[in-house]
Amino acid sequence: MLGLIAGSSQVTLRGQTPVEPLKHSTEYPATESLSAEPHSIEHELNPYRSHATVHLPIPHAVSSGPYAQQVDRYRNRVLDSEVPAEGDANCWFRNSPALSNYAPLNGEVSQLDPQVVWWDADVSRPLGLAEQYTAVDASGLAQTALIASPYVRSLLTEPQISMTDIVIADAQFDPLTFLDANYTDTNDPVGSELTTGDQSDRFRDNLFASSAGVRKKLTSGGNLEVVQRGGFQSNNSTFLTPNPQGTSRLELNFSQPLLRDHGKAVNRTRVILAKIDAQITNSEVREEIQTHLVDVTTAYWELYQARAEWLQRHRLLASALEMQAVLNARGAVDSQQRQILRANVAVAKRQADLVRIETRIRNAQSKLRLLTGDRQFVQLAQFEMVPVERPLMQSIELSTRDATLTALDNRPDIVQSLQQMHAVSTRVGAARNQVLPQLDLLLSSYVSGLDTSRNTVGAIGRQFSEGRPTYSAGLIFERPWGNRANQARLRRNRWEWTRSYAEFQQTTEAAITEVEIAVRETQTLFNELIAKQHSTIAATREVEYLRQRWIHLPDPNENAILLIENLLDAQERLADEERGLVRAQVAHALSWVMLRKAMGVLLVCDVAEVSPVLSNTPSVILAEPEPFGGMIDGEQLSLPTVPEWSLP
């Protein structure tokens with residue numbers, strides 16, 4: 001199940017593959033109801049949403065890791081705030097002097113007047129820009145982009161690539177089998193009787209040596225080796241007994257660091273860092289996908305806006321054509337040539353505006369084809385896209401407090417900051433270990449066998465039946481004078497940890513501020529909608545007043561040219577106000593998308609596991625360090641017990 005919030009509505013989607021994405025006809029299909037939050041709208045066209053189910057490899061939201069409690073202080077600060085944010089009651093700013101004192105509002109207005117936004121229903125009908133059309137909506141287009149966009153597919157490869165780094169880092173602990181063999185045929189001149197023990201001129205020796213075994217690096221830092229050696233030898237020396245002979249030796253060697261490089265946490269540092277990098281990559285990919293979905297939704301509302309402006313300008317052109325027709329009809333009665341010419345200028349100008357807006361519509365459709373990446377959209381590029389999802393027309397109660405709490409739990413940049421702190425603390429723990437002197441324990445034991453006639457197999461059997469094992473034990477100690485290099489690395493890593501904590505604080509504060517601004521913008525844009533509605537109503541009344549004067553009650557003392565100029569200018573002002581209103585509609589719709597993105601909940605998924613799975617391994621949370629230089633001298637920083645994840 002894939003949940004996606006797009007436009008001004010929240011729609012639940014399934015991860016799917018396009019089957020018949022484009023439904024086109026020359027008639028209106030049956031009406032379909034689209035359920036949405038916070039509102040529902042009946043659409044006259046079937047939206048672009050015909051898909052078959054498939055699993056999308058979108059990574060899960062990433063856990064905050066062992067430093068999750070660092071967010072608690074910000075969460076408590078929000079919960080303990082005694083003064084609620086100004087938008088927690090309603091979208092309406094009750095204390096707004098620009099609106100609340102405006103008499104026609106009658107106190108509080110919670111929705112737009114459908115008669116004012118007359119274009120809202122007509123946008124969802126074909127404009128006749130193409131012979132065939134297809135219905136689209138923001139949610140369906142965003143879903144299609146997740147499935148078909150090459151850009152999204154390229155993003156989804158990043159988590160898989162980062163997962164291979166985990167395997168590569170963990171592969172250092174895989175057992176290693178080895179086998180080697182060497183045969184040497186020696187024929188050297190003899191320079192000493194001790195070489196052969198007789199009067200031979202040449203030393204002739206046939207030696208075969210082989211070994212096979214297993215080596216493994218342990219997570220504790222130790223190295224374990226089990227090797228079986230075997231071979232045979234024959235020569236012309238009197239000192240080799242028996243001659244020829246078969247030899248064998250079974251060895252067990254073990255070394256274990258006791259100070260430096262000791263412990264699972266230190267030796268698995270590369271694995272831990274690779275897992276953290278994979279988690280960070282997952283968060284970055286989710287954030288990039290959310291940004292792409294915002295781009296798709298923005299392109300959808302740009303298409304809606306362009307079509308709405310086309311309808312507005314088409315009505316404006318119709319009014320000019322009507323005036324032109326009336327003036328031409330009255331040309332022989334009372335119309336002046338200058339009046340007709342002025343009407344002709346208005347018609348030509350409005351036709352030019354309509355051509356430009358039509359180009360904007362086609363450009364928006366091209367942009368949607370690019371962002372969704374749907375090949376059938378490309379094949380049917382000449383089709384008209386009809387948007388069926390409409391902007392929100394009523395106010396919605398918002399809570400800055402709840403939005404901030406949601407952001408603290410879901411923002412990918414906050415999670416990335418916490419994961420960065422985790423990675424740096426892991427490097428600090430490893431650097432602390434490297435400051436210690438080297439003290440290694442060496443253990444070795446072997447059994448050996450000897451047989452005649454190059455019988456290596458017999459020698460292997462006799463190594464267990466004769467004699468006893470040989471063993472040895474020892475220590476290696478090493479410490480550089482001053483140990484300055486490792487001390488400097490530790491100091492640098494501690495400073496990096498202090499920096500990562502400061503970056504986390506800055507990121508969290510910025511996220512809280514961004515949410516507050518997003519909530520306030522959503523509220524303000526609705527208030528702007530109401531104000532734009534009233535200015536549009538006022539402009540409509542002005543146009544109607546001037547139109548009635550021109551048709552029914554012309555003032556004989558008033559210049560006829562001036563009256564037409566005033567009417568045309570009023571029509572232009574009305575069109576500008578309507579254009580401002582539709583832009584406010586689109587901005588308000590997009591503000592909901594940006595608000596959800598600011599909260600980190602634009603993309604919610606529950607798909608097949610592609611991220612490391614958290615186990616029940618407990619985590620040690622480091623205390624908050626003193627800011628800046630404090631932790632260098634006084635902070636007792638220990639490596640936390642890092643959660644282990646299962647490998648893919």
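In this text, all values refer to a predicted model and were calculated from it rather than measured experimentally.
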> Is any NZ, NE, NH1 or NH2 atom of the basic residue among R579 and D576 found under 4.0 Å from an Asp or Glu carboxylate oxygen of the other?
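Salt bridge: yes.
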> Under 3.5 Å, side chain of Y300 to main-chain N/O of E389, donor-acceptor pair present?
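It does hold such a pair.
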> Test side chain to side chain contact (heavy atoms under 4.5 Å, CB included) on L590 and L525 and set out the steps.
CA-CA 10 Å; L590 288 175; L525 286 168; over 6 Å; no
> Given H588 and T522, is the side chain to side chain contact (heavy atoms under 4.5 Å, CB included) satisfied, shown in steps?
CA-CA 6 Å; H588 183 237; T522 302; 4.2 Å; yes
> Do R411 and E514 pass the side chain to side chain contact (heavy atoms under 4.5 Å, CB included) test, and can you show the C-alpha distance, the side-chain angles, and the key distance before you say yes or no?
CA-CA 11 Å; R411 289 269 302 204; E514 183 178 342; 3.1 Å; yes
> Checking side-chain polar atoms at under 3.5 Å, does T404 have a donor or acceptor matched by the opposite partner on R401?
no
> Can you list everything that forms a side-chain contact (heavy atoms from CB on, under 4.5 Å) with R75? Sequence neighbours excluded, please.
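For R75 the side-chain contact (heavy atoms from CB on, under 4.5 Å) partners, ignoring immediate neighbours, are V71, D72, L79, L405, L408, D409.
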> Give, for atom CG of L311 and atom CZ of R315, the distance between the pair rounded to the nearest 0.5 Å.
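Rounded to the nearest 0.5 Å, the CG-CZ separation comes to 9.0 Å.
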> Heavy atoms only: give me the nearest S535-K532 pair and the separation to one decimal.
OG-O, 2.8 Å
> Would you check, one step at a time, whether the test side chain to side chain donor-acceptor pair (under 3.5 Å) holds for S366 with R369?
CA-CA 5 Å; S366 298; R369 287 194 294 269; 3.0 Å; yes
> Could you go through the side chain to side chain contact (heavy atoms under 4.5 Å, CB included) check for R356 and T359 one step at a time?
CA-CA 5 Å; R356 168 49 58 186; T359 301; 3.8 Å; yes
> Taking all heavy atoms of V294 and all of K597, pick out the closest pair and write down the distance.
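Taking V294 first and K597 second, the nearest heavy atoms are CG2-CD, 3.5 Å.
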> Kindly check if the number of other-residue, nucleotide or ligand heavy atoms within 6.0 Å of CZ (R541) is above 12?
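Incorrect, the count does not exceed 12.
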> With rounding to the nearest 0.5 Å, note down the distance linking CG in L317 to CD in Q312.
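So the CG of L317 and the CD of Q312 are separated by 13.5 Å.
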> Counting distance only, does the side-chain N/O of R153 pair as donor-acceptor with the main-chain N or O of A148 below 3.5 Å?
yes
> Tell me every residue that passes side-chain contact (heavy atoms from CB on, under 4.5 Å) with E572, counting only those two or more places apart in sequence or in another chain.
R313, L316, K349, R350
> Can you give me the closest heavy-atom contact between A142 and L293, atom names plus distance?
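Taking every non-hydrogen atom into account, O-CD2, 3.6 Å.
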> For the atom pair OG1 (T406) and CZ (R596), what is the distance rounded to the nearest 0.5 Å?
11.0 Å
> Determine whether T134 and V386 make a side-chain contact, defined as any pair of heavy atoms from C-beta on separated by less than 4.5 Å.
no
> Decide, yes or no, whether a salt bridge links R547 with E322 under the criterion of side-chain N to carboxylate O below 4.0 Å.
yes
> Would you say the side-chain atoms of Q585 and W119 include a donor-acceptor pair closer than 3.5 Å?
yes
> Identify the two heavy atoms, one from I361 and one from A306, that lie closest to each other, and give their separation to 0.1 Å.
CG1-CB, 3.7 Å
> Give a yes or no answer on whether the side chain of E384 reaches the backbone of L129 with a donor-acceptor pair at less than 3.5 Å.
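Between the backbone of L129 and the side chain of E384 there is a qualifying donor-acceptor contact (under 3.5 Å).
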> Kindly say whether E521 contributes a backbone atom to a donor-acceptor pair with the side chain of T524 at under 3.5 angstrom?
no
> So, using side-chain contact (heavy atoms from CB on, under 4.5 Å) as the criterion, who are the partners of Y151 when residues are at least two apart?
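For Y151, the residues satisfying side-chain contact (heavy atoms from CB on, under 4.5 Å) (neighbours in sequence not counted) are S149, S154, L155, E288, H292.
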> Looking at side-chain heavy atoms only, is the closest gap between P412 and E287 below 4.5 Å?
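When only atoms from C-beta onward are counted, E287 and P412 do touch, with a gap below 4.5 Å.
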> Counting N and O atoms only, with roles assigned by atom type, does the side chain of S124 sit under 3.5 Å from a partner on the main chain of P387, one being a donor and the other an acceptor?
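Yes, S124 side chain to P387 backbone: donor-acceptor pair under 3.5 Å.
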> Minimum heavy-atom separation for A299 to A364, with atom names?
O-CB, 4.5 Å
> L529 versus Q533: any side-chain heavy-atom pair under 4.5 Å?
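The answer is no, as the side chains (C-beta and beyond) never meet within the 4.5 Å cut-off.
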> Please examine the side chains of S591 and F526, heavy atoms only from C-beta on, and report whether any two atoms are closer than 4.5 Å.
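Heavy-atom side-chain distance check fails, nothing below 4.5 Å.
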> About how many Å separate CG of L156 and CG of L146, when rounded to the nearest 0.5 Å?
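Taking CG in L146 and CG in L156, the distance rounds to 8.0 Å.
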> Can you pull out every ring pair (Phe, Tyr, Trp, His ring centres under 6.0 Å) where at least one residue sits in residues 306-325? Sequence neighbours excluded, please.
W310-H314
> In Å, rounded to the nearest 0.5 Å, how long is the span from CD of E544 to CG of L567?
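The CG atom of L567 is 9.5 Å from CD of E544, to the nearest 0.5 Å.
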> To check you understand the geometry: which heavy-atom pair defines the closest contact between F383 and A130, and what is its length?
C-CB, 4.2 Å
> For residues 581-591, which residue pairs pass the salt bridge (charged side-chain N to carboxylate O under 4.0 Å, His left out) check, not counting sequence neighbours?
E309-R583
> Kindly compute the distance separating CD1 (I564) from CD1 (I340), expressed to the nearest 0.5 Å.
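Here the rounded value is 9.0 Å.
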> Answer whether the closest heavy-atom distance between the side chains of E302 and K367 falls below 4.5 Å.
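E302 vs K367: side chains touch.
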> Just checking, any donor-acceptor pair under 3.5 angstrom between side chains of Y304 and D120?
yes
> Would you say T372 and T144 are linked by a side-chain donor-acceptor pair, where the criterion is simply a distance under 3.5 Å?
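Side chains of T144 and T372: no pair found under 3.5 Å.
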> My understanding is that only residues two or more places apart in sequence, or in another chain, count here; which of them pass side-chain contact (heavy atoms from CB on, under 4.5 Å) with T536?
V116, T540, L574, E577, E578, L581
